[in-house]
A.B. asks: 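This is the structure I want to talk about, given as structure tokens.
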Amino acid sequence: MSAADREKLESITRYDPAEVEARVFAEWMEGGYFHPPAEGTADENFSIAIPPPNVTGALHMGHALNGSMQDALVRMNRMRGRNSLWILGTDHAGIATQAVVEKTLKAEGKDRHELGREAFVERVWEWKAEYGSRIVEQYKRLGASCDYERERFTLDDGYVRAVYRVFKQLYDKGYIYRDHYMVNWDPGSHSAISDLEVENREVEDSLYSIDYPVEGSDRVLTVATVRPETMLADTAVAVNPNDERYADLVGRRCVLPLVGRRLPIIADEHVDVEFGTGALKITPGHDPNDFEIGRKHGLEEIGVIGPDGRMTEEAGEYAGLTVGEAQQKVIAALREQGLLRSEEPYVHSVPFSHRSGERIEPLISLQWFCRMDELAKPAIAVVERDEVRITPDQWKRVYLDWMREIRPWCVSRQLWWGHRIPVWYCDACEETIVAEEPPTGCGACGGELRQEEDVLDTWFSSALWPFATLGWPDQTPELRAFYPTSFLTTAREILFLWVARMIMTGIEFAGDVPFRDVYVHSVIQARDGRRMSKSLGTGIDPLEEIDVHGADALRFGLLAMSSTQDVRFSDAKVQQGRDLANKLWNASRLILLNCELEQDQSHPKPPQDQAPAAVGQGTPTPQPVLVEDRWLLSRLEQTIASVTAKLESYDFAHAVTEAYSFFWRDLCDWYLEIVKPRLYDGEPEVSATLLYALERLLALLHPVMPFVTEEIWSFHPARRGHLAVHPFPVADQALFDRSAEADVESGIELTQRLRAWRDLVDVPAASVLVAVIDGVSPPEFVSRLSRFEFDGVGAEPVASVGPVRVLPSEELDAAAVAVRIEKRREELRSEVQRAERKLGNEGFVAKAPVEVVEEERGKLERYRAELEELS
RNA sequence: GGGCGCGUAGCUCAGUGGGAGAGCGCUCGCUUCACACGCGAGAGGUCGCUGGUUCGAAACCAGCCGUGCCCACCA
């Protein structure tokens, strides 16, 4: 070790992530480790496509958790020598990005219509150039080992080609079509949105009952509605066909109040006899159910509410009013005419735009749709057959249930920022042309063409992410080497929005599923159990956590928190991660400053050009003789086996806590304390064991805590290259040693009993007690770590702790000892009672497995013997 | 309305048929030559409630109470 390194290790007693992280990350980038060659096959390689964050986004806890999981797996596989690609990129996020830029325009006192489409889009690109890489930089802070050289954007040129190719092919297959249909109109973004972008919220409204006079009769039909203003667009009244009260009215007409239109009275199964009076006003233009009923019965579709959220000319005297104003005016008019029968408070669920937060206005408009049923079929089959495995498996059923009920997808959006739909219209001959490249003129009449104004739903392009990022539709080397990807982690909220659609498009266009494994991770909630959300102000900023505690601490904490169920964010877990990083640093200082490799086994620093994956493990496998060394290595190898298995099965929380407990308890609390005298003596065998264990432990932890492990590794005498590309340890079963484990663990147990005994009889911590051993001597360390000397002579013992007979001494207070002994007797009596009761149960002895019964008998015997001794 | 979860120590959570666990917090004791972001020792739980299955239940089953999420076109 160089003098400078030694000086650093000696002087820095607290790990400082802020000093380390940027420097280490730069070294990885310089090494090019995250940019694998496009070689080999997808089966040999490992790849993940990151769920692309919005360009407008900032790293939030969901990204951080998701990124920690993905990075752990990518790093582990990279260390195994596989070509590992984690592809990174951002989503153009149509509505969100357009909204951001519109806001900056507004601040300048302009709006996008003044600028015009072209200039506006130009403006958004400028915004993207300036701010679009923010989230990518934030992923670097987390330590994410993405391939930053292959960064993609859903609107870059190649990606647009993929989107147009897919659109065209779906159109040619007849899946994509244009129709006047009921859509979710979002007045906030002035666009249609898909069903999946709608969230229902409970709202308190008023339920109005209104009398519709029946034509040529003195009867009335009383209908109930929460939206009286839509009555202006009513085109029928419906009753249930089995409703005898109204059987005679079906086929007749009633008169629409305020408007005077004659409305047919129709019969439809949809109407609930029990609800209200059993009569339902039908507004096909502004209610999704009524729309269905209207199409079934061939009713007229009238629109009285426009895309601007105001009443249209069709609304007559109400034209120009907002929906709310119109409602008040309609109610006032009805009340005046005595047709308002009642008004009562009513709580029901109402659709809101997930994007803008505004209340959805259902209305009929001309939109592009994609029918999904045929695409869904194979996507259902692959999940049924587990060719795409969804974990935890309850989500498999959720996926399948949804896919089996899938409905057409409204893919057009009335925005300017996005993939402009590749459709051209000829006004001269009414020809519609769908093409991947802009056509020069109308093929039929040579007339001028104008392109569709609408853009595609953002999710239409993200659905292609796993293969479009690899260069599809070209048959690129990347596509061959990394498709299908290996794995996807996701929040469940985008299971339908994104995951299902990737599976469908992957099968249809890339010829295979996009990934083999989907892991649906839990949601980290705010500390108080509410949702983390910007608007609620409940978000916790991962970057602040990184600033304060370090990226490794946050990563460890998030993985430790993660679980199959949702959990509240735990500062304690992040702190545990920070403490772990610090302890790793300090334990490593102790080891590195006191251990040396045998001369001929140490290696020079690696040449820069050395192929890292080709470098094997640096420290030679030790051949330990002493029981504590064998114990440590046995525990180490078992931990490697277990942690690896847990990472591979996405059980991150248990993986990290198990590694933690091996390191903290076994290595630091026990092994290091046990071997300190040998360590300070410079004994070669301890050096060999510790350097070996440290190397393997650092490698094991590196996927979870890459920075601190890499930093420590830079001081390790066996280092030949970066840990990021160091071989990942494979458990060496030859080092498993059950008997060493049993011996050391019983020594540990005895040490703890002796320490507890001392504490309870109030012996000063520093004083050494004298005792003799009755029977087999425990391992050497027991005496030292418990501050007992086992070579006493003469005197009558004053107490027994296991095989240890404590001899009298000045520091021992006889009364305290007596109290302690009585306490132990109590414990033993209760244990004996419990065991006797159990063994006295005939059913237990007869039916429980033999080994369980035997174990119980053994315990009883031991307790009785100890009790005997104490009497 | 349908579906899926959850209810275990003061807090946040593990634990899925054989004597209740972790981290944090709390108490007591330690300036022990890696670390006070540390070391040692403790206290603390009728495992939501009620029944059932079993020799044995925190775990399995049923019901109830509480709580969270997803899906759904009753105005």
Side-chain angles (χ1 to χ4, degrees), chain A residues 9-10 13-15 182 199-200 207-209 223-227 230 238 270-272 274-276 279-283 287-293 346 348-349 351 362 392 394-395 397-398 401-402 405 492-493 495-496 523 525 527 529 531 549 553 557 560-561 563-573 575-594 653-654 657 660-661 668-669 672-673 676 679-680 751-752 755-760 762 764-766 785-787 831 834-835 838 841-849 851-853 855-856 859:
Chain A
L9 282 178
E10 276 169 354
T13 61
R14 189 177 283 203
Y15 175 68
M182 171 71 54
E199 61 177 356
N200 291 298
L207 182 65
Y208 300 94
S209 296
V223 299
T225 181
V226 291
R227 303 204 58 195
T230 65
H270 172 78
V271 181
D272 181 354
E274 306 291 321
F275 191 93
L280 175 64
K281 77 187 204 53
I282 302 296
T283 320
D287 183 279
N289 298 318
D290 296 2
F291 177 78
E292 299 286 342
I293 294 172
Y346 187 69
H348 64 146
S349 72
Q394 71 250 34
W395 299 107
R397 237 190 67 204
V398 173
D401 286 348
W402 185 77
E405 300 282 317
R492 56 176 165 270
E493 59 186 17
L495 190 60
F496 307 140
V523 175
Q525 303 165 330
R527 290 179 255 257
R531 238 184 124 66
H549 302 296
M561 272 175 243
S563 144
T564 52
Q565 67 163 316
D566 294 352
V567 286
R568 298 172 182 210
F569 183 82
S570 162
D571 296 286
K573 286 283 194 295
Q575 248 174 61
Q576 194 182 350
R578 179 201 59 176
D579 293 349
L580 173 58
N582 186 57
K583 184 105 170 163
L584 276 168
W585 171 253
N586 279 295
S588 301
R589 286 173 59 223
L590 176 67
I591 295 168
L592 294 167
L593 286 169
N594 290 285
H654 291 112
T657 47
Y660 172 93
S661 117
C668 295
D669 289 352
L672 287 176
E673 295 305 325
K676 266 180 185 171
L679 186 60
Y680 294 139
T751 305
Q752 288 177 315
R755 284 169 171 172
W757 188 87
R758 293 175 60 110
D759 226 56
L760 284 164
D762 271 333
L785 297 185
S786 63
R787 292 179 184 260
E831 289 296 344
R834 188 195 55 77
K838 202 159 183 180
N841 181 337
E842 281 177 31
F844 175 71
V845 179
K847 294 186 182 174
E851 56 278 15
V852 175
V853 178
E855 201 187 326
E856 205 56 45
K859 285 180 200 162

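Side chains are part of it too, since the values below use all heavy atoms of this structure and drop only hydrogens, waters and symmetry mates. Chain letters run A, B, ... following the sequence lines, proteins first and then strands; every chain starts at 1.
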A.B. asks: Starting from C1' on B/rG40, measure out to CG on A/Asp669 and report it in whole angstrom.
C.D. replies: 10 Å
A.B. asks: What orientation do A/Tyr346 and A/Phe275 show, parallel under 30°, tilted 30 to 60°, or perpendicular over 60°?
C.D. replies: perpendicular
A.B. asks: Rounding to the closest angstrom, what is the interatomic distance between B/rA62 and B/rG3 at atom P?
C.D. replies: 13 Å
A.B. asks: Base, sugar-phosphate, or nothing: which does A/Thr225 touch, judged by heavy atoms less than 4.0 Å apart?
C.D. replies: sugar-phosphate
A.B. asks: Please name the nucleotide paired to B/rU12 by Watson-Crick or G-U wobble geometry with both distances under 3.5 Å, or report none.
C.D. replies: B/rA22
A.B. asks: Does a side-chain N or O of A/Gln525 approach OP1 or OP2 of B/rC69 to a distance below 4.0 Å, or not?
C.D. replies: no
A.B. asks: In whole Å, I'd like the distance from the CZ atom of A/Phe844 to the P atom of B/rA57.
C.D. replies: 12 Å
A.B. asks: Taking all atoms of both residues into account, what is the closest heavy-atom pair of A/Met182 and A/Pro288, and its distance?
C.D. replies: CG-CA, 3.9 Å
A.B. asks: In whole angstrom, give the distance that lies between atom CG of A/Asn289 and atom C1' of B/rA72.
C.D. replies: 11 Å
A.B. asks: Using the side-chain heavy atoms of A/Leu590, tell me which of these nucleotides is nearest: B/rU32, B/rA14, B/rA34.
C.D. replies: B/rA34
A.B. asks: Distance between the P atoms of B/rC73 and B/rG2, in whole angstroms?
C.D. replies: 16 Å
A.B. asks: Is there a Watson-Crick or G-U wobble partner for B/rG38 with both distances under 3.5 Å, and which nucleotide is it?
C.D. replies: B/rC30
A.B. asks: Sub-3.5 Å donor-acceptor pair from the side chain of A/Arg227 to the main-chain atoms of A/Asp287, do we have one?
C.D. replies: no
A.B. asks: Out of B/rC73, B/rC35, B/rC74, which has the shortest distance to the side chain of A/Asp272?
C.D. replies: B/rC74
A.B. asks: Below 4.0 angstrom from OP1 or OP2 of B/rC4, is there any side-chain N or O of A/Arg397?
C.D. replies: yes
A.B. asks: Rounded to whole angstroms, how far apart are CG on A/Leu672 and C1' on B/rG38?
C.D. replies: 14 Å
A.B. asks: Between A/Val226 and A/Pro849, name the one whose nearest nucleotide on RNA chain B is closer to the 5' end.
C.D. replies: A/Pro849
A.B. asks: Please determine, for the side chain of A/Lys573, which listed nucleotide (B/rG18, B/rA22, B/rG5) has the closest atom?
C.D. replies: B/rA22
A.B. asks: Which part of the nucleic acid, if any, lies within contact of A/Val271, taking any heavy atom under 4.0 Å across all strands shown: a base, the sugar-phosphate backbone alone, or nothing?
C.D. replies: base
A.B. asks: Taking atom P in both B/rC39 and B/rG25, compute the distance separating them and give it to the nearest angstrom.
C.D. replies: 13 Å
A.B. asks: Whole Å only: how far is the CD atom of A/Glu842 from the P atom of B/rU54?
C.D. replies: 17 Å
A.B. asks: In whole angstroms, how far is the C1' atom of B/rG29 from the CG atom of A/Asp762?
C.D. replies: 9 Å
A.B. asks: Partner lookup for B/rC74, please. Criteria are Watson-Crick or G-U wobble with both distances under 3.5 angstrom; report none if nothing qualifies.
C.D. replies: none
A.B. asks: In terms of side-chain heavy atoms of A/Ala756, which of B/rC35, B/rC6, B/rG42 is nearest?
C.D. replies: B/rG42
A.B. asks: Under 4.0 angstrom, heavy atoms only, what part of the nucleic acid is A/His549 near: base, sugar-phosphate, or nothing?
C.D. replies: nothing
A.B. asks: Watson-Crick or G-U wobble partner for B/rC47, using a 3.5 Å limit on both distances?
C.D. replies: none
A.B. asks: So A/Asn582, base contact, sugar-phosphate only, or nothing? Heavy-atom distance under 4.0 Å.
C.D. replies: base
A.B. asks: Do the side chain of A/Asp566 and the main chain of A/Val523 share a donor and acceptor less than 3.5 angstrom apart?
C.D. replies: yes
A.B. asks: Could you give the CD-to-C1' distance, from A/Gln575 to B/rC24, as a whole number of Å?
C.D. replies: 8 Å
A.B. asks: Is there a side-chain contact between A/Tyr346 and the phosphate of B/rA75, meaning an N or O under 4.0 Å from OP1 or OP2?
C.D. replies: yes
A.B. asks: Does the side chain of A/Arg568 get closer than 4.0 angstrom to OP1 or OP2 of B/rU12 through an N or O atom?
C.D. replies: yes
A.B. asks: Do the non-hydrogen side-chain atoms of A/Thr13 and A/Arg589 ever get within less than 4.5 Å of each other?
C.D. replies: yes
A.B. asks: Say you pick atom C1' in B/rG45 and the same atom in B/rC60; how far apart are they, in whole Å?
C.D. replies: 23 Å
A.B. asks: Heavy atoms under 4.0 Å, any strand shown: does A/Arg227 hit a base, just sugar-phosphate, or nothing?
C.D. replies: nothing
A.B. asks: Going through the distances and angles, do A/Leu785 and A/Lys676 end up as a side chain to side chain contact (heavy atoms under 4.5 Å, CB included)?
C.D. replies: CA-CA 11 Å; A/Leu785 297 185; A/Lys676 266 180 185 171; over 6 Å; no
A.B. asks: Quick check on RNA chain B: between A/Glu855 and A/Arg531, whose nearest nucleotide comes earlier from the 5' end?
C.D. replies: A/Glu855
A.B. asks: Return the nucleotide paired to B/rG5: Watson-Crick means purine N1 to pyrimidine N3 with N6-O4 or O6-N4, wobble means G-U with N1-O2 and O6-N3, both under 3.5 Å.
C.D. replies: B/rU67
A.B. asks: Without swapping roles, check the side chain of A/Arg758 against the backbone of A/Ala765 for a donor-acceptor pair under 3.5 Å.
C.D. replies: yes
A.B. asks: With a 4.0 Å cutoff (strictly under), does any side-chain N or O of A/Lys676 reach OP1 or OP2 of B/rU32?
C.D. replies: no
A.B. asks: Please check the phosphate of B/rA14 (OP1 and OP2 only) for any side-chain N or O of A/Ser563 closer than 4.0 Å.
C.D. replies: yes
A.B. asks: Evaluate A/Val398 against A/Phe496 for side chain to side chain contact (heavy atoms under 4.5 Å, CB included), listing each step before the verdict.
C.D. replies: CA-CA 9 Å; A/Val398 173; A/Phe496 307 140; 3.6 Å; yes
A.B. asks: With the side chain of A/Val567 defined as its heavy atoms from C-beta on, choose the nearest nucleotide among B/rA75, B/rC13, B/rU32.
C.D. replies: B/rC13
A.B. asks: From B/rG23, B/rG18, B/rC37, pick the nucleotide closest to the side chain of A/Arg578?
C.D. replies: B/rC37
A.B. asks: Considering only B/rC73, B/rG18, B/rA14, which nucleotide approaches the side chain of A/Lys838 most closely?
C.D. replies: B/rG18
A.B. asks: Expressed as a whole number of Å, how far does the P atom of B/rA36 sit from that of B/rC24?
C.D. replies: 16 Å
A.B. asks: Would you classify A/Glu673 as touching base, sugar-phosphate or nothing, given that sugar-phosphate means primed atoms plus P, OP1 and OP2, and contacts are heavy atoms under 4.0 Å?
C.D. replies: base
A.B. asks: Name the closest nucleotide to the A/Gln752 side chain, picking from B/rC6, B/rA41, B/rC35.
C.D. replies: B/rA41
A.B. asks: Could you tell me how far B/rG63 sits from B/rG42 if I compare only their P atoms? Round to whole Å.
C.D. replies: 45 Å
A.B. asks: Roughly how many Å apart are B/rU31 and B/rC49, using the P atom of each and rounding to a whole number?
C.D. replies: 46 Å
A.B. asks: Which heavy atom of A/Ser588 sits nearest to which heavy atom of A/Leu584, and what is that distance?
C.D. replies: OG-O, 2.6 Å
A.B. asks: Of all the choices, B/rC13, B/rG38, B/rG23, which nucleotide is nearest to the side chain of A/Asp579 once you look at every atom?
C.D. replies: B/rG38
A.B. asks: If you check every side-chain atom of A/Ser570, which of B/rU12, B/rA75, B/rA41 has the closest atom?
C.D. replies: B/rU12
A.B. asks: Specify the separation, in whole Å, of atom CG of A/Asp290 and atom P of B/rA75.
C.D. replies: 11 Å
A.B. asks: Expressed in whole Å, how much space separates the C1' atoms belonging to B/rG23 and B/rA34?
C.D. replies: 22 Å
